Every structure is written in C-alpha cells, then in structure tokens.
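Chain letters run A, B, ... following the sequence lines, proteins first, then strands; residues in each count from 1. All values below were derived from every heavy atom in this structure, side-chain atoms included, with hydrogens, water molecules and symmetry-related copies excluded. Just so you know, these numbers come straight off a predicted model, no measurement behind them.
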There are 2 protein chains.
Amino acid sequence: MDQISSKKVQILESALELIREKGFHGSPISQVAKHASVAAGSVYTYFESKDEMIFELYRYVKSEVLKEISEKDDPKKNFEDRFFDFWNNLTSLYQERVAFQSFLEQFTSSPYNTETMQLETDPWGRWTEAFFREGVESGQLRPLNPKILSMMVMGSVISLIRFRTYFKTKTASASQDLHLIPQMVWDGIKFQ
Amino acid sequence: MDQISSKKVQILESALELIREKGFHGSPISQVAKHASVAAGSVYTYFESKDEMIFELYRYVKSEVLKEISEKDDPKKNFEDRFFDFWNNLTSLYQERVAFQSFLEQFTSSPYNTETMQLETDPWGRWTEAFFREGVESGQLRPLNPKILSMMVMGSVISLIRFRTYFKTKTASASQDLHLIPQMVWDGIKFQ
DNA sequence: GATCCGTGATTGAACGTTCATTCAGTCATT
DNA sequence: AATGACTGAATGAACGTTCAATCACGGATC
C-alpha cells in the first residue's frame, strides 16, 4: 500500500533526468510533463507544487540509494571489507545513475536544502551513521563521531565521481590512480 | 590598469551575497542591482547578460581565493607544514567568507559549469595542482597524479565546511573531533 | 565666478518572454 | 450515465533586457 503510483515515479524520473541535464531553472513543468508523457496539469495531481515535487524527488533519490546500498551490505563481514564494499557499491551506483549524484549535489547546495529539510527524518543518513558507528565500536575506525567519518567518506566519493565525470576524456593516466583512492580514504579513517 | 571598476565589484559582491542566500533563481538582476545601490540597467553597462555576470563572478571568486591562499603559503617550509597551513587558511577563508564557498558549490554543480568553462585557464586550479605536485616530487606525498590529490583534499575541506554550516547548533561534541580531520586527510595522502 | 554646453554614465519604466498554476472540458472505465 | 483521471489552453506574475530620458560634471566662454 506504500506502493508509489507508477505515473508518479514516471514524473520523478523524468524530472531527475531533466534536472541533471539542465538544472532546476532549465526544467519547467511543461518539459518534465512532456518527458514523462503526461500533461502539465497532471503533475499537479501528484504534487502540490513544483517545489514539493523537488522535495519528493530528494526523498525518492535518497531512498533508492539506501535500498541499493543497504541490501548489498553484509554485516557478517569484517568492517574493512564492508567499507570497501560500501565504497565500490556507492561509486558504481552513482556511475550507473549519474542523475542521482548530480541531483543530490544540486539540491544540497541549493536553497531548497533548508534547515527544515535537514531536520527531516532521513533513513539514508541514519543508515550511514549507524554503519560508521559500527566501525568505531568494533575498534576498526578511529574513535570519532560517526557523522564526521560519514561526511569525510561521502565527500571523497563525491569528489571522485565529479573527477571522473569532468575529466572523462583527458588524463587517461590519472584514471589508473583513481583505484587507489578508497585505500587512501581507509588509511585516513582506520584505527592506527 | 587591470583595476576592476569599483562599481563592478560592488555588483559582483552584491550578487555573491544574494546568491548565497537565495540561489541563482532567487537572485533577479533587479535585486542584485538594488543591493549594489545601482539601477537594474546599469548592470548591463558592466556585464553583457546575467549569465556573463555569473561567469565573471566565478572568475572573481576563484581569483580572490588564489590571492589569499597563495600569499600565505611559504614555499621554504617543509611540505607537511605547508599542507596544514593550506588547510587552515582555506577553511578560515571559507568560514569568513561563507558566500565564496556557497557560490562555488552552487556554480560547480549547476549547468553554468559547462565543459567550456572547465577548459578555461584557471589560475587557482593550476596553483593547487602545482602545490600538490611539489609534495609528490619532494617525496612527502604518495606518488599520484596531483589533480587527484588536490581533488581529495578540496573535497574534504568542502565537506568540513558544509558540516560546520549545517550542524552549527547541535552536536557540540562532534566539533571537538573536527580538529582531527586535517590529520586524517594528511594520513591518507602522505607517503607511507 | 557664473553660465552654458557636450558627453558619457545612470536611471527605471516598459516590453516581450517564460513559467507555474488553474480549471473547464474531454476521455476512459464501470 | 456517472465518476474520476487526464488534458492543455488560458492566466497572471516574474524576469531579463532595452532604451529614451535624465543627470553629473569638466571645460569653454564671457
């Protein structure tokens, strides 16, 4: 019953793709609707306003990321392995679904990301926090606030993806080195 | 002679502040002009269009950051000290001038950040790349492409600032741990 | 010193466009 | 025939940009 109507998802996915290409201003409802093969007016059957649509898109993307990453995590492994799984799964996901990463970045740095929005219950945020807390409690990570560890790791993932996206063509040499990044991050956060 | 007209700087600073508060859409030329105490039409004496104004703002902010950071760097010190100076100076700068960081993030993740824009000669980008190259060549950093090292460090700085901004009030405990971040980053990138 | 003129900067109302949103009408299903 | 989903043209507000009018000021003239 928590099933989201398929037309609603169609609209969200259409908005996601458009926003990746053109940003928030470059994505009028008329275009979003056209790409989703519905009429402009229909968008308002599913969302109160464009703003509300974008807030729901934010929740949607984070819930998709959570679904994907949490289901591939194996809590029975030791934490170091789980960390590299986490890293690889997240970078692959962002690589496959470029619009996820692009939308999240745009949203986060935009004024949509109000204080209210940040205080909203955030399953993905709580999951990552719990993940890193386990690392700390099992003694494999530095004894720091898991929010901070999480922030550092996520920041690196984002930097990496951005790097890959921007420097797709040139600097083939550099791309060799990219494999070393998760190790560097691990060396930074592990218990020494 | 390369002096930028003070009215032009007034407009840029006004736009910077407004964009930090309200983002690109929330910063119409009429408002930018009002905050800069000029008429809307005058903006077009200094910039061809709103887009061109935003591109110039991007160049302006990066040149200000370069000026500030490069003048405080002391190449005579050993690289580890220079790294911590770099870190502290950059975080302080972004803390003092919140609009710099906010604008750069919004710009980078927006469609303004076209391929053409990225190919433009970028003194700040070249400076940081040279900085990390020196670290590699002096044997104090891991032998990686300096672009990648630069990216990792900048990503962490940004994450830290974001963290500070968003979690200003709550989690006072966490803020103790924030001091440890540059050390963690250094442990990740130093030659082991 | 007072007055006038010319020039370039500055103004802000007006224009045309784009967009979010609405709603009267149409369609599909039962 | 009734119901509810769907449509897309119409509406009005907001915006980027233009440009005729005004202003500020330095020099020329008396």
Side-chain angles (χ1 to χ4, degrees), chain A residues 1-60 103 106-107 110-114 116-117, chain B residues 1-60 103 106-107 110-114 116-117:
Chain A
M1 43 108 215
D2 217 4
Q3 189 79 288
I4 315 179
S5 131
S6 93
K7 202 157 273 185
K8 189 167 180 176
V9 173
Q10 257 175 58
I11 294 170
L12 288 174
E13 289 284 346
S14 159
L16 194 56
E17 191 49 40
L18 254 179
I19 289 171
R20 180 187 74 77
E21 279 174 46
K22 316 260 191 180
F24 293 121
H25 356 359
S27 305
I29 292 290
S30 59
Q31 292 277 320
V32 170
K34 191 188 281 181
H35 275 69
S37 308
V38 301
S42 297
V43 172
Y44 291 83
T45 312
Y46 300 97
F47 307 97
E48 276 200 352
S49 65
K50 188 183 180 183
D51 282 6
E52 194 49 49
M53 183 191 78
I54 286 171
F55 291 134
E56 292 226 23
L57 189 45
Y58 182 56
R59 297 183 195 106
Y60 171 73
F103 171 80
Q106 289 187 61
F107 184 93
S110 80
Y112 284 118
N113 194 20
T114 58
T116 319
M117 211 57 209
Chain B
M1 39 100 218
D2 217 4
Q3 189 80 287
I4 315 179
S5 131
S6 93
K7 204 156 269 184
K8 190 165 179 178
V9 172
Q10 255 176 58
I11 295 170
L12 288 174
E13 289 284 347
S14 159
L16 194 55
E17 191 48 41
L18 253 179
I19 290 171
R20 180 187 73 77
E21 279 174 46
K22 316 263 191 177
F24 293 120
H25 353 3
S27 305
I29 292 288
S30 58
Q31 293 276 321
V32 170
K34 191 187 284 182
H35 274 71
S37 308
V38 301
S42 297
V43 173
Y44 291 83
T45 312
Y46 299 97
F47 307 98
E48 276 201 350
S49 64
K50 186 183 183 184
D51 283 5
E52 194 50 47
M53 182 191 78
I54 286 171
F55 291 133
E56 292 225 26
L57 190 45
Y58 182 55
R59 297 183 196 105
Y60 171 73
F103 172 80
Q106 289 187 60
F107 185 93
S110 80
Y112 284 118
N113 193 20
T114 58
T116 318
M117 211 57 208

Q. With a 4.0 Å cut-off on heavy atoms, is A:S49 in touch with a base, just the backbone sugar-phosphate, or nothing at all?
A.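 Here A:S49 touches the backbone only, sparing every base.
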Q. Taking atom types as modelled, is there a side-chain donor on A:E13 or A:Y60 under 3.5 Å from an acceptor on the other?
A.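 Indeed, the side chains of A:E13 and A:Y60 share at least one donor-acceptor pair under 3.5 Å.
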Q: Go through C:dT11, D:dC6, C:dT10 for me and flag the one nearest to the B:V38 side chain.
A: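 So the side chain of B:V38 is nearest to C:dT11.
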Q | Nearest-nucleotide pick for B:Y44, side chain only, options being C:dT21, D:dT18, D:dC6 | A |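 Nearest nucleotide to the side chain: D:dT18.
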Value in whole Å for how far the [atom2] atom of [N] lies from [atom1] of [X]:
X	N	atom1	atom2	value
A:E48	C:dA20	CD	C1'	14 Å
B:Q31	D:dC15	CD	C1'	12 Å
A:I11	D:dA5	CD1	P	14 Å
A:L18	C:dC19	CG	P	11 Å
A:K34	D:dT7	NZ	P	14 Å

Supply the atom-to-atom distance [X] [atom1] to [Y] [atom2], rounded to the nearest 0.5 angstrom.
X	Y	atom1	atom2	result
A:E48	A:M53	CD	CE	13.5 Å
B:E21	B:L16	CD	CG	11.0 Å
A:Q10	A:Y46	CD	OH	8.5 Å
A:L57	A:I19	CG	CD1	5.5 Å
A:I11	A:S6	CD1	OG	9.5 Å

Q. Counting only non-hydrogen atoms, which of residues 22-30 of chain B are less than 4.0 Å from DNA chain C?
A.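 Under 4.0 Å from DNA chain C: no residue of residues 22-30 of chain B.
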Q | A:K7 side-chain N/O to D:dC6 phosphate OP1/OP2 under 4.0 Å | A |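 The answer is yes; a side-chain N or O of A:K7 sits under 4.0 Å from OP1 or OP2.
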Q: Considering just the side-chain nitrogens and oxygens of A:Y46, establish if one lies under 4.0 Å of OP1 or OP2 belonging to D:dA5.
A: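 No, A:Y46 has no side-chain N/O under 4.0 Å of OP1/OP2 on D:dA5.
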Q. So which one's nearest nucleotide on DNA chain D is more toward 5', B:K50 or B:S42?
A.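 The residue mapped nearer the 5' terminus is B:K50.
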Q: Could you check whether the rings of A:F103 and A:Y58 sit parallel, tilted or perpendicular, using 30° and 60° as the cut-offs?
A: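 Tilted: the ring planes of A:F103 and A:Y58 meet at 30° to 60°.
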Q | Degree of bending in the helix from C:dG1-D:dC30 to C:dT30-D:dA1 once both end axes are built from five pairs, to 10° | A |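 That helix gives 10° between its end axes.
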Report, one line per pair, each donor and acceptor closer than 3.5 Å where one atom sits in a side chain of residues 25-39 of chain B; sequence neighbours left out.
{"from": "B:S27", "atom 1": "OG", "to": "B:L18", "atom 2": "O", "distance (Å)": "3.4"}
{"from": "B:S27", "atom 1": "OG", "to": "B:G23", "atom 2": "O", "distance (Å)": "2.7"}
{"from": "B:H35", "atom 1": "ND1", "to": "B:Q31", "atom 2": "O", "distance (Å)": "3.3"}

Q) Is there a donor-acceptor pair closer than 3.5 Å between any side-chain N or O of A:E56 and the backbone N or O of A:F47? A)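 Flag not set: sc A:E56 to bb A:F47 has no pair under 3.5 Å.
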